[in-house]
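Quick note: residue numbers are just sequence positions, from 1. Order of listing sets the numbers, starting from 1, for every ligand and every atom in it.
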Amino acid sequence: MKIKLNDNYRNLSESYLFSEIARRVREYKEAEPEKGERIVRLGIGDVTLPLAPAVVSAMEAAVREMGDASTFRGYPPEYGYDFLREAIASHYASFGVKIPPEDIFVSDGAKSDVGNIVDILGDNTVYIPDPVYPVYLDSNVMSGRRIEFIPGNEKNGFLPMPDGINCEGAVFYLCSPNNPTGAVYDREKLRVWVDFALRTGSLIIFDSAYEAFVTGDLPHSIYEIEGAEKCAVEICSFSKTAGFTGTRCAWCVVPSAAMSGGMSLNKMWRRRQATKFNGVSYPVQRAAEAALSPEGLGQCMENIAYYMENARIISDFLDRKGISYTGGRYSPYVWLKCPDGMSSWEFFDYLLTKAQVVGTPGEGFGSCGEGYFRLTSFGSREGTEEAVRRLEELL
Ligand code: MLT
């Protein structure tokens, strides 16, 4: 062919982090079929507990509606059914945040929203924390954006701040509780970020996919900070809160107050979604609504307590071994320092070949992740305990 392709793709790493891990694990299993059978996966943050009973009932009832001529529905609204937008607005109200349902856009996943939001943004400098969820970086590389990294490290507790950044009208990505480090911004730190964004005319894209793991006075949403509605878009998901990694439903808040150059981000996102997206299926939206009902949320929080017990088992082990780590307290992720100065891919191979335990090498989340490793608590209790038993012997 002689067509022009998107040359920016030349600047991407060869494969997406979790595809690369899956490839290495597959190769290991082919080479060592017997040991391959013993593999315990604490790599990708994929949930293992089934959907909550209230969610399943709601989805079943919705499927029956779809199978009956009198209740059948065709295309869903591109922005989500009102019942779900209102349920999400009430969820925000439960932690004191007022979001009008019209500012909430339902989608099929936070990953899609993170990747798609780039569509409505122009050629700004984009600041991305390092280490970080790789989709922020890859989606901006695909669009050929200028990218600067804001380093997270032990010194700043893996919570980069805007100190020393000189910019005007830039785009910043933040994720709290953080993937991969599990670190959480408190209210004061988020206030610094919001004030900085307002002062410099910048936009914060705030990923709150792990908000359900937060307890106490830590913020669940950037909109808990005054003024954030003028400078922040928030992306959240049912994946980790309600175990929807395979069911697919999320939302993006694009406040009507967020304006730049006389253009409304809300109107632009509305236009973008109406053109390129046909909404999330009715049974899935009913299931998501049920996940936020008092009964459904209670059941989902029981699952989260189960995962947090796994995180405690992993953290206790690291404490016993004197291995330093962050996360595991308000986050399903435990971010540890690789022992004996190993690089993160070396440690990955070491755990895979010696203990058949799969984690995620920190370097896959950015160069500041080199020398670190992420374990997830989304595995089963038996798998987590077994992994810890093997690591106890190995390390
Ligand atoms: C992760 O392991 O970082 C997440 O599961 C990836 C995702 O949410 O897409």
Side-chain angles (χ1 to χ4, degrees), residues 12-13 15-25 39-49 107-118 128-140 142 152 158 173-184 205-213 234-252 288 300 303-304 307-308 310-311 314 325-328 330-336 344-345 348 351 357-366 368-369 372-380 383-384 387:
L12 288 168
S13 57
S15 65
Y16 180 61
L17 172 63
F18 294 107
S19 317
E20 174 61 17
I21 291 172
R23 188 189 65 78
R24 290 195 187 208
V25 172
I39 286 176
V40 179
R41 291 171 198 271
L42 303 182
I44 190 163
D46 195 2
V47 294
T48 50
L49 291 174
S107 78
D108 66 337
K111 189 194 227 178
S112 317
D113 287 339
V114 167
N116 293 336
I117 196 80
V118 179
I128 299 180
D130 175 2
V132 90
Y133 181 43
V135 183
Y136 311 155
L137 174 64
D138 286 357
S139 54
N140 280 286
M142 287 172 181
F158 293 99
Y173 284 78
L174 296 180
C175 176
S176 179
N178 186 266
N179 179 11
T181 68
V184 189
I205 298 172
F206 191 77
D207 181 346
S208 61
Y210 299 91
E211 64 84 11
F213 292 80
E234 182 165 292
I235 292 169
C236 195
S237 163
F238 289 92
S239 282
K240 313 296 153 93
T241 305
F244 271 44
T245 54
T247 305
R248 311 306 308 148
C249 196
W251 72 86
C252 181
C300 292
N303 289 356
I304 285 178
Y307 294 133
M308 289 317 290
N310 286 349
I314 298 170
Y325 64 94
T326 55
Y330 304 111
S331 149
Y333 296 128
V334 183
W335 177 251
L336 58 116
S344 47
W345 278 110
F348 172 87
L351 294 195
V357 171
V358 178
T360 310
E363 203 209 341
F365 298 102
C368 292
Y372 292 88
F373 200 74
R374 194 192 76 176
L375 291 174
T376 144
S377 62
F378 284 124
S380 66
T384 307

Check each atom of ligand 1 against the heavy atoms of [X] and keep those under 4.0 Å away; list them by number with element.
X      : result
Ile44  : 2 (O), 5 (O)
Gly45  : 1 (C), 2 (O), 5 (O)
Asn179 : 1 (C), 3 (O)
Tyr333 : 1 (C), 2 (O), 3 (O), 4 (C), 5 (O)
Phe18  : 1 (C), 2 (O), 3 (O)

Which protein heavy atom lies closest to atom 4 (C) of ligand 1, and at what distance to 0.1 Å?
Lys240 NZ, 3.5 Å

Ranked by distance from atom 9 (O) of ligand 1, the top protein heavy atom is Tyr133 OH, 2.6 Å

Any Thr181 side-chain heavy atom under 4.5 Å of Arg374 side chain:
no

Could you tell me whether the side chain of [X] and the main chain of [Y] form a donor-acceptor pair under 3.5 Å?
X      : Y      : answer
Arg248 : Asp108 : yes
Tyr330 : Ser176 : no
Ser377 : Met308 : no
Tyr307 : Leu49  : yes

Does the N or O separation between Arg374 and ligand 1 drop below 3.5 Å for any pair?
yes

Parallel, tilted or perpendicular: which one describes the rings of Tyr136 and Tyr133, with boundaries at 30° and 60°?
perpendicular

Do you know which of Trp345, Phe158, Tyr325, Phe348 makes ring pair (Phe, Tyr, Trp, His ring centres under 6.0 Å) with Tyr372?
Phe158

Relative to ligand 1, is Phe378 under 4.0 angstrom through side chain, backbone, both or neither, heavy atoms considered?
neither

